[in-house]
Amino acid sequence: MASARRKAIVTGAASGIGRAVAERLSGDGVDVLAVDIDAERLPGLKARGCEIHVADLADHAQRRRLAEAAEDFDYLVNAAGILRVKPIFEVTLEEWRTIQTVNAESVFFLCQLIGARLKPGGAIVNLSSSSAKLATSVDVAAYAASKTTILSITRSFAYALAPRPVRVNAICPGIIDTEMQQRFLAGVADRQGTTAAELDFKRKQAVPLKRGGSAEECAGLIAFLLSDAAAYMTGQAINFTGGLVNW
């Protein structure tokens, strides 16, 4: 008798790493519920076999509705996030709260609401960032703080969900060639009086492997962390930085 197909929820699925994860898992035979606020970009994933769910994860009521739709799922990938380039001394309270709500609060409550409903043997992967460990740019300090919070959330839920058992890990991507990265380069380059291309080259020269990573490479790591091959891993924060961060 064939085993049942596994099912995954992927947030932030309309672009970047989230989209690459949705496509990778779907290609691996996993039934994917692709979640994003950007309704215009989700239909492309439907064409690839994913179900789509439009939600603003800053809204707790919409988080609850997503959780109610999450029966019999095996995996949760929290990839939704926002980044704002702003000098650290100019960040407003409203901007701080918006970033924390989307990037950290949503991860906490999705782990809480959905983690307890995942099937035994399931897994969660939360997307943190190398900025949680390394302050390479104080122009994204609020973003970095939210990503550091995700590491604590990951550790706490790894303990809380272990009895099910459901594993919870995080990845800390470094320089990954995505649209978010392009927005970061444009914003910081403008403040530094240089070009995005020059800044990109300079940053990658600091990476031991002398390049950025791809969203597809990140998706490969996430697929591994969800798989049974990582069945003895939980509570970890895996660097994915080309050697830039090694602690």
Side-chain angles (χ1 to χ4, degrees), residues 9-27 32-48 50 52-58 77-86 91 95 98-104 106-107 125-132 134 136-137 139-147 150 170-192 194-204 206-207 209 211-223 240-242 244:
I9 298 168
V10 181
T11 72
S15 62
I17 295 172
R19 189 178 190 92
V21 171
E23 292 176 349
R24 168 63 184 263
L25 294 180
S26 181
V32 175
L33 180 62
V35 182
D36 206 284
I37 193 173
D38 190 347
E40 294 184 358
R41 300 183 68 176
L42 282 174
L45 287 171
K46 187 174 184 179
R48 298 179 70 107
C50 300
I52 60 175
H53 182 100
V54 179
D56 178 1
L57 296 178
V77 178
N78 283 309
I82 58 173
L83 179 146
R84 301 286 185 268
V85 177
K86 192 77 174 283
V91 175
E95 290 166 338
T98 297
I99 290 170
Q100 304 310 312
T101 299
V102 175
N103 292 3
S106 72
V107 170
V125 176
N126 298 322
L127 265 70
S128 180
S129 168
S130 62
S131 66
L134 195 66
T136 54
S137 173
D139 289 334
V140 291
Y143 170 85
S146 71
K147 293 299 184 177
I150 287 172
I171 70 166
C172 300
I175 300 172
I176 308 299
D177 295 324
T178 63
E179 293 174 24
M180 180 180 284
Q181 175 68 12
Q182 293 306 312
R183 291 194 296 272
F184 166 81
L185 289 170
V188 174
D190 182 63
R191 281 185 39 75
Q192 293 184 356
T194 185
T195 67
E198 290 170 340
L199 179 60
D200 187 42
F201 177 79
K202 180 180 178 181
R203 294 178 79 235
K204 288 174 180 174
V207 177
L209 292 182
R211 69 175 180 90
S214 71
E216 290 73 23
E217 288 174 310
C218 280
L221 172 59
I222 291 168
F240 196 75
T241 68
L244 184 63

Which pair of non-hydrogen atoms, one from [X] and one from [Y], has the smallest distance, and what is that distance?
| X | Y | result |
| --- | --- | --- |
| C218 | P173 | SG-CB, 4.2 Å |
| C172 | T241 | O-CG2, 3.5 Å |
| F240 | L221 | CD1-CD2, 3.6 Å |
| I99 | S146 | CG2-OG, 4.0 Å |
| T11 | A79 | OG1-N, 3.0 Å |
| V35 | A55 | CG1-CB, 4.1 Å |

- request: Side-chain contact test, heavy atoms from C-beta onward, threshold under 4.5 Å: evaluate it for N78 versus L127 and give yes or no.
  value: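 Side-chain contact under 4.5 Å: no.
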* Asked: Is the closest side-chain heavy-atom distance between L57 and V107 below 4.5 Å?
  -> no
Problem - Donor-acceptor contact below 3.5 Å, side chain S26 vs main chain R48 - result: yes
| task | Output yes when a side-chain donor or acceptor of K86 lies under 3.5 Å from a complementary backbone atom of A141, and no otherwise. | result |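 Such a contact is absent between K86 side chain and A141 backbone.
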To the nearest 0.5 Å, tell me how far [X] [atom1] sits from [Y] [atom2].
| X | Y | atom1 | atom2 | value |
| --- | --- | --- | --- | --- |
| D190 | D139 | CG | CG | 10.5 Å |
| S128 | N103 | OG | CG | 10.0 Å |
| H53 | I37 | NE2 | CD1 | 11.5 Å |
| Y143 | S131 | OH | OG | 5.0 Å |
| I9 | L33 | CD1 | CG | 5.5 Å |

In residues 13-25, what donor-acceptor pairs under 3.5 Å come from side-chain atoms, sequence neighbours left out?
{"residue": "R19", "atom": "NE", "partner": "E23", "partner atom": "OE2", "Å": "3.4"}
{"residue": "R19", "atom": "NH1", "partner": "A14", "partner atom": "O", "Å": "3.1"}
{"residue": "R19", "atom": "NH1", "partner": "R41", "partner atom": "O", "Å": "3.0"}
{"residue": "R24", "atom": "NE", "partner": "D28", "partner atom": "OD2", "Å": "2.9"}

Check each of I175, L244, L199, L209 against K204 using the side chain to side chain contact (heavy atoms under 4.5 Å, CB included) test, and report the only one that passes.
->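 The side chain to side chain contact (heavy atoms under 4.5 Å, CB included) with K204 is passed solely by I175 among I175, L244, L199, L209.
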- From CA spacing to verdict: side chain to side chain contact (heavy atoms under 4.5 Å, CB included), R203, L185: CA-CA 10 Å; R203 294 178 79 235; L185 289 170; 4.0 Å; yes
**Asked** Could R84 and E95 be called an ion pair, given the rule that one side-chain N must be under 4.0 Å from one carboxylate O?
**Response** no
Applying side chain to side chain contact (heavy atoms under 4.5 Å, CB included), run through I176 and Q181 and close with a yes or a no. CA-CA 7 Å; I176 308 299; Q181 175 68 12; 5.9 Å; no
